[in-house]
Every structure is written in C-alpha cells, then in structure tokens.
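Below you'll find the structure, written out as structure tokens, and then a few comments.
Worth saying up front: this structure is predicted, and the values here are computed from it rather than measured.
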There are 4 protein chains.
Amino acid sequence: MMPRTKGEESKRKLLQAAEELFAKKGFQSTKISEIVANAGLTQAAFYLYFKSKEDIFQQMIQDFDQQIIDLSDAGKKVVELVPNDIKSYVTNMFIQLFTVLGKNPNLTRIALQHATESDQIRKKIVEQIANNMSNNQRFGIVKEEIDTWVAAEAIVAVTERLVNRYLLTGEKTEKELGEQVARMFLSGILNHSKSGD
Amino acid sequence: MMPRTKGEESKRKLLQAAEELFAKKGFQSTKISEIVANAGLTQAAFYLYFKSKEDIFQQMIQDFDQQIIDLSDAGKKVVELVPNDIKSYVTNMFIQLFTVLGKNPNLTRIALQHATESDQIRKKIVEQIANNMSNNQRFGIVKEEIDTWVAAEAIVAVTERLVNRYLLTGEKTEKELGEQVARMFLSGILNHSKSGD
Amino acid sequence: MMPRTKGEESKRKLLQAAEELFAKKGFQSTKISEIVANAGLTQAAFYLYFKSKEDIFQQMIQDFDQQIIDLSDAGKKVVELVPNDIKSYVTNMFIQLFTVLGKNPNLTRIALQHATESDQIRKKIVEQIANNMSNNQRFGIVKEEIDTWVAAEAIVAVTERLVNRYLLTGEKTEKELGEQVARMFLSGILNHSKSGD
Amino acid sequence: MMPRTKGEESKRKLLQAAEELFAKKGFQSTKISEIVANAGLTQAAFYLYFKSKEDIFQQMIQDFDQQIIDLSDAGKKVVELVPNDIKSYVTNMFIQLFTVLGKNPNLTRIALQHATESDQIRKKIVEQIANNMSNNQRFGIVKEEIDTWVAAEAIVAVTERLVNRYLLTGEKTEKELGEQVARMFLSGILNHSKSGD
DNA sequence: TATGAATGAGGCTTCATTCAT
DNA sequence: GATGAATGAAGCCTCATTCAT
C-alpha cells in the first residue's frame, strides 16, 4: 500500500492534490498547474503518470467506483435475509451508505458532479438500492405504492447532499445522519410493522 | 411579454441560449462562442447586452431568485393555518415546490450548481422550509425528534434531483412526484394523526 | 464662423470632443465611443462626418497646420529687417511662438505626439526657425559656431515642453515664458551686441 | 552579463524587442504579437516571463530608473564644489546627461512618453537639475532672474529631443551635442564670469 | 440628419500538452 | 524520474466600422 518507488510516491501525491482541488473547485476550474504545485512537482512530471487531465480523473474515480461496487455486492447478499428488526436493518443501511460516501467526501463530491461520470456512478448506486427495495417489496416489507426507483433516487440525493452539508463540515456524524434519514424515510416506505417505533 | 425591439429580442435569445447551455454543460464549460452560435449572433453582439459571462449568469438568476422569494413569502402566510388535513397540505406543498422548480428546470439546475450563487438560493429555500417545519413542530404536528434543518435539506435535495431526473425527462408529472415524495416523507416526519392514510 | 446647420454643429462638437480626448489620452487610447459620448451623439453619427478615426485627426491637424504656415510666412517677412533691438526682436519671436502653440495647447500636444504627423509639423516649425537663424548668421547676428538646426530643434523642444508644463496648467503666461526662454538662449546664441543686457 | 540559461536569453530577447518597438511605435500601438515575433517566440512564451504588457514595461523602466537615480546622486555630490572653470563644469554636466540618456535612447523615449511613468522619471531628472542650479544660484553662479525650474525643464526637453534627433541617428556625438547645448545655454544662465568665452 | 443594432478583425491572456535535456 | 522551456489552440473581450431604418 505504501508506495515503494519515488515514482509511485509522486503519482500518489498528484492524485491526492487533484482530489482535493477537484472537490474544492470542480474539474473544469482546476488547473494542472495547481495540481502539480500542490504536489510539489512540475507540469511535465504530471504527464509521466497521466495521459491527460481527464485521465487522472478517471483513475481517481476507479478506486471509488470499486468501493461502490463492493457496497453493492454486500447489499445483494443481505437481501435474502428477512430481518427481524427491519428498522435497525434499514438504519444500518443508511449508516453504511453515509459511511462509504463520508469516507470519501471529496470523491463523492467529484464523482457526483462530473457530468458524464456521475451518471454512471449514481446509476450504480441507485440501481443497487432500487433492486434491493423491489426485492423487499415482494416480501411485503416495502409498501406497494412506492416507486422504488424514485425512492432510490431520493435516498441517494439526500445522502449526497447531507454528506456535503453536514459530514464534510463535521457538524454531524455518520450515525446521526443515518438515524435522522432512516427516521424520515422509514415509516413512509415500510409497511407498519410490529418492529416500528 | 413579447419583446418589441430587435435589441430586446436579441437579448432574450442570448439569455435563452445561455440558460440551456449552462444547464446542459455547466457554467465553466459553456463558451460564449456557443451561446452566441445558439442565438444566431456574433460574439461581439453578446457584449452589447452583457458585460461578461458572469453578468449574463447574474441577470439570469435574478428572475429565478425572485420567484423563489415569492414562493417563500406565500409559504409564510400558510404557516398560521392549522390544516384539518395535514397530509393533503403537505402533499400540496411538495407539488408546489415541484411546480416552481419544475417550471424552471434549467434555472434550478444552474442556480443550485454555480458555487457562490447556489448557496444563496438553496439557503433561501431550505430556510423557508425549515422555519415552516419548526413552526409546525411547535404545534405538535411535526415530530419532536426531527432535525428540521436536516429534513429541509433533504427535501430540497430530493426535489432538485427528481426534477432533473423525472420532470425534465417528462417521465413523471409534478403531481406524481409530489405525491410520491409526500408519501415517503409524511409518516416519517409527521406525528401519527387521524389524517394519515 | 458659427455653424449654421445642425450638421455643422454636430461636426464641430465631434472635433471639439476629439481634440480634448486626443490631447488628454493620446490618439491610440481615445475610443470613438468616447468621442461621440462627449459630443452627445451616437457612433454611427461619427461616420457621417469623418471617414475614419484617422480622418478626424487629419482634419483637426489641418487648421493647426495652416496657422503654423502663417506664422512661418510672417517669420520670413521679418527676416529682412535688421532690427535695432535684437533682443526685443528675439524675445518677441519667442512670445509669438508660445502664443501660437499656447492658443492651441491641445493641438500642439497632439500634433507633436502623433508619430508620422508630428514629424511633418515639427519639421516645418524647425525649418522656419533654422532658416531664419541662418539668415541672421550671415548678417553676423547669430554666432558662427552655432549649429542653427540644432538650435532650432532645441527651441522647439523647449517651447513645446514649457507650453505643456506651464502654459496649459496656467502657472505661467506666454509673456513670462517667452522672456525666460529668450533670456536663457539669447546671449548663448547671439553675438555680444550693444543691445544685450 | 551574458544570460546563462535559455530562459534568461528568451526574456532578454523579449525585453530587447519590446524596447525597440515601444520606442518606435509607442506603448499602446505595440502589440504583443509584434514583440514576440521580433523575439522569435510565440505569444504564450511572453507570459512565461511577464504577467502583462504593462509588466514588461515596468521591468524595462526599472533599470533605467536606477541609472537616473544614480546620476542624480552623483550630481548631488558635485554640488558642493565651486568649480574654477564653470563653463567646463556645465559642459561636462550636459555631456553626462547626453551620455546617460544617449546610452538608452529607446528607454529615454519610452520613459518620457508613457504617461504615468514619464512624469515620475522626468520629475526626478528635472528636480535634480533644478536643485543643483538653485544651489549655484545662491553662490552667485547662476543668474538671479533665472527660474531654475523652468530652466531645468528646458534643459531636459532639449536633451531629450536632441538625443532622439541626432544621437539616435548617429548624426552627432554626445560630445558635440553637449558642447552645442552648453554654448547655447551657458551665457544665458550663468553670470558673466572670467571663465566665459 | 441621426440612430439602433450588428459585425469582423484582432488584441490579450490562459491552459493543457509536448519535447529536448 | 524529472525539469525547463516552449507551444497551439482556444477563450474572453474590445473597437472601429457598417447598414438598415
């Protein structure tokens, strides 16, 4: 994990600098000159490791993308379980979502902003949540009248925004947010169950 | 409403073109050359009506800003009413919100994206909703344990996203979305009332 | 002299405005938009009276040029006279020079600055003075060892500068400057004569 | 003195080209495209070394400014000496002045033309000469009736013009001009002394 | 006699990218 | 593995000038 060679170290520095700048100023507004300055290198060095500005962006997203996929896969496995305590299950899922996105606030911001890419990533997350929810709808856990795609979009939008607004600023923790959101959505989405509050 | 002079017509065309492009590609990525091309004018003409790219943006936002303020004011008046049918009241509020933002999907997208400005506008909307909700909290209508600011941010985030995802594409109407969202949030936010479904 | 028609009046206003601006900011830095603004007209109107920016400049210079030629001619006539009082004659010449240039401080400034033109006008003035002086050299009035062309250039340079520095600012009058300059140059240029101080 | 690195060499070429063009065509009329063309570089290269057109101008002036200050300081030291041979002293001063300005004919022209800056630089030179002269006036060397500031302005104007007219063209040397000018001004400014011609 | 509207050409400046060392 | 130097392409903006009315 720790870079061995000087080259790997330089590349890491560049990725790090780019991540911070992209998050702070957006992709377009971030200049290569700024990235290399923040990384303590020259502009030419940048092109030793990346083919273009777009390239560094892609490489940056990839890792993040993988984490999302992992979350997604984890999600799939949980689907089959019919939880005793639905409420805590859902709350947990929210906390998980906040945790993944909150661990990479910069990447979250970047990924969900960059036009083309964001749609890809967002789509993956939304898809995973929607499928999950549809499944639970078949089990009678999620209300019939809920449009699971709309709900999934809503959940992602809320999570994304609250990460930026409260997690990034340190005003609230993953747990607090997860609980708040669960509370807001739960009884709207789930059927009245004995496990409700 | 219809511009009388040629100049006014040209300015309108430029604003129109800019709005579409800003919404589609973002402020930074939109080139003045594209705006004027879409408006059927030359680049020099642009500067007959706007001092800079930032200027056209500001002028564009102003109108929208006013509509938001109007909505805000309308909202304040409704606060005092203790509705018999809370559910339909809230649903209505959501439909209203979708309608205002949905009427200006481009502007919504632009305003809520452009760094500095977005914070201003978003803040106004969120503030209005949060205050409204806090009021209702005092009346015992909204649950104690809800953080109204978090909830308001959530509502705006959801609305914004669904407008872009479903209203803009024509896949759903304001009414459909308003009802869906009300359904999702309602029982999470409101106390169990006889007016619930 | 007073313009009869509206057109003449407009043209006069434009010339007036241009003169002031050219003098204050130079030819290049003065924009047509500024000229017409100062004249209370539109840019299109400008082209009713002048073919181009260069054109208004030329027309402006012409009048001035004529005055210089007139001074020149007057100078020639005086040459033949062998004055009794050389000192007062020279002083007078200086006062005259200051008067002509001082009457048109703007034009002086403009004419002597605008690259191409200035050389023409300056040349005329210098030539006239140099010839005059050479003549007087033959009469033994001006010292043999004086290079009359150098002296003439010097005289014009001094006059030009002092007009700008002291006449334009109102700090000194033509008379004062004429006398000062005469005093400075006289005994350097003229042979010791009984009319010296 | 000779630039070591390629970059320094390029910067030097740009300064050189700019100097010539500014002198020939004035600041405003000189385009950056012309400067870089004359320096054999591209327009982008210009911005490797200078922040703007104004910037290259400032850097150019600085050196010159320093030389003027040095001359000024040298001048101050000489003030105290009551020279035996005033004439040769003054002649020398003129030769010195011609030499400094003549060594940088372009800069002289530029510095004394560019509005804001020129006033600064000209003022410095004029001030130095005027003070010098006032001092000598107290010693009875310079005539009472001479306005030393007017005289100083005159001297600078003459020097400036003759440098451009005769030194730049190679028609006359510093020595020749210095002597001519000394001759013209000397007896006008100085009291009749045994050291006069 | 004048104006409202528009434009072509060109200026300054920025930036991602390349290449020789 | 890195840098100093340079560039091409493109962006924003200005300004003298034109033309229909």
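- Ion pairing between B:E34 and B:K31 fails under the 4.0 Å rule for side-chain N and carboxylate O.
- Following rounding to the nearest Å, D:F57 (CZ) and E:dC12 (C1') show an atom-to-atom distance of 18 Å.
- Ion pairing of D:E160 with C:R161 is absent here, as no side-chain N (NZ or NE/NH1/NH2) approaches a carboxylate O to less than 4.0 Å.
- Aromatic ring pairs are classed by plane angle as parallel below 30°, tilted from 30° to 60° and perpendicular above 60°; the pair D:F27 and D:F57 is perpendicular.
- Nucleotides of DNA chain E nearest to B:G40 and A:S29 differ in position, and the one nearer the 5' end is that of B:G40.
- Minimum interatomic distance between D:S33 and D:V36 (heavy atoms only, all atoms of both residues): O-CG2, 3.2 Å.
- Atom pair A:E34:CD and E:dT14:P shows a separation of 13 Å (rounding to whole Å applied).
- Side-chain proximity of A:S10 to E:dC12, F:dA16, F:dA2: nearest is F:dA2.
- A donor-acceptor pair shorter than 3.5 Å cannot be found between the side chains of B:Q62 and B:Q58.
- Residue A:E9 contributes atom CD, which lies 15 Å from atom C1' of F:dA2 at whole-angstrom precision.
- Per the geometry, CG belonging to C:L14 stands 12 Å off C1' belonging to E:dT1, to the nearest Å.
- Heavy-atom distances under 4.0 Å link DNA chain E to A:Q43, A:A44, A:Y47 of residues 41-50 of chain A, given in residue order.
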Could you provide the dot-bracket string of DNA chain F, using ( ) for intrastrand pairs, [ ] for crossing pairs and | for bases paired to another strand, with Watson-Crick or G-U pairs below 3.5 Å?
-> .||||||||||||||||||||
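- Toward the 5' end of DNA chain F, the nearer of the two residues C:T30 and A:K6, judged by each one's closest nucleotide, is A:K6.
- The residue among A:K31 and D:S33 whose nearest nucleotide of DNA chain E lies closer to the 5′ end is D:S33.
- Between B:Q28 atom CD and F:dA10 atom C1' the separation is 15 Å, expressed in whole Å.
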